[in-house]
Amino acid sequence: MISSTDHEHMKRVRERVSQMDAIIASTATNIKLPLHDIMRLGRQAKQSLSTAKRVFWLRKMSAAAENVASANAACRRGCSHCCHIDVMVSRPEAAQIARETGQQMMEPLAAQSLQEVARTQAEGIQPRYTGEPCPFLEDGECSIYDSRPLACRVHFNMDVDDLLCRLIEGCNISVPYLDVTLLRAISLEVIGLNAEYADIRDWFGANRLPGS
Ligand code: SF4
């Protein structure tokens, strides 16, 4: 049952969606991802021998894109909509986050290859954790900011504000996220095509150490 407030919200959403082509065209002219830097940092990651180094260079690569995109994105400090949706993390990256933060990693029941993740999404199977906060979200802010997953670093809504990010139960709203296909492809190659992926809540949810 959608409330009258939600009806009003959906009316605004529909208006915004009808303006989206113009909004995206205007932000796209301001965003030129630094492809040379992205490729260079991606190569550094590929040449690295340890997981720690590979993740280090992938984070640098993400930062190169983030530096350009953030000024034109709707995302702001204290906004945590994307900490309430599924966040897929590979096993090597989860292990690196565990080493850096001292959090204990769990063995997830639902680890999948990236191909399985893509197939699940293509089949339209609903995300599992919509509305459920990430275990690292504290007082509306990320408590592991320096170690946050790659998926969180380049997750930008390129709209003018967070209207389309706001979750309404039963409504599937498409958000104009920054296209990071290239960064994902490089990360996939670096982390390994056969790596297992699971949601951050599956790696860390139940074993989150209180207050750390
Ligand atoms: S790791 Fe941090 S940024 Fe990423 S979803 Fe969790 S709280 Fe949000």
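Everything quoted here is computed from the prediction, not taken from an experiment. One-based numbering, in listed order, for ligands and for the atoms of each.
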Can I get a per-line list of side-chain donor-acceptor pairs under 3.5 Å for residues 9-21, giving both atom names and the distance, sequence neighbours left out?
| unit_1 | atom_1 | unit_2 | atom_2 | d |
| --- | --- | --- | --- | --- |
| Arg16 | NH1 | Asp159 | OD1 | 3.4 |
| Arg16 | NH1 | Asp159 | OD2 | 2.9 |
| Arg16 | NH1 | Asp161 | OD1 | 2.8 |
| Arg16 | NH2 | Asp161 | OD2 | 3.2 |
| Ser18 | OG | Glu15 | O | 2.5 |

Name every donor-acceptor pair, under 3.5 Å, that has one atom in a side chain of residues 184-195 and the other anywhere in the protein, sequence neighbours excluded.
| unit_1 | atom_1 | unit_2 | atom_2 | d |
| --- | --- | --- | --- | --- |
| Ser187 | OG | Leu183 | O | 2.9 |
| Glu189 | OE1 | Lys46 | NZ | 3.4 |

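For Phe204 and Phe136, the gap between ring centers is short of 6.0 Å.
Panel detail: atom 2 (Fe) of ligand 1 has protein N, O or S atoms under 2.8 Å away, 1 in number.
Atom CG of Asp146 and atom CD1 of Ile97 lie 12.0 Å apart (nearest 0.5 Å).
Judged as a ring pair (Phe, Tyr, Trp, His ring centres under 6.0 Å), and not counting sequence neighbours, Phe56 has no contacts.
Using a distance-only test at 3.5 Å, with no hydrogens or angles considered, a donor-acceptor pair links the side chain of Asp86 to the main chain of Arg128.
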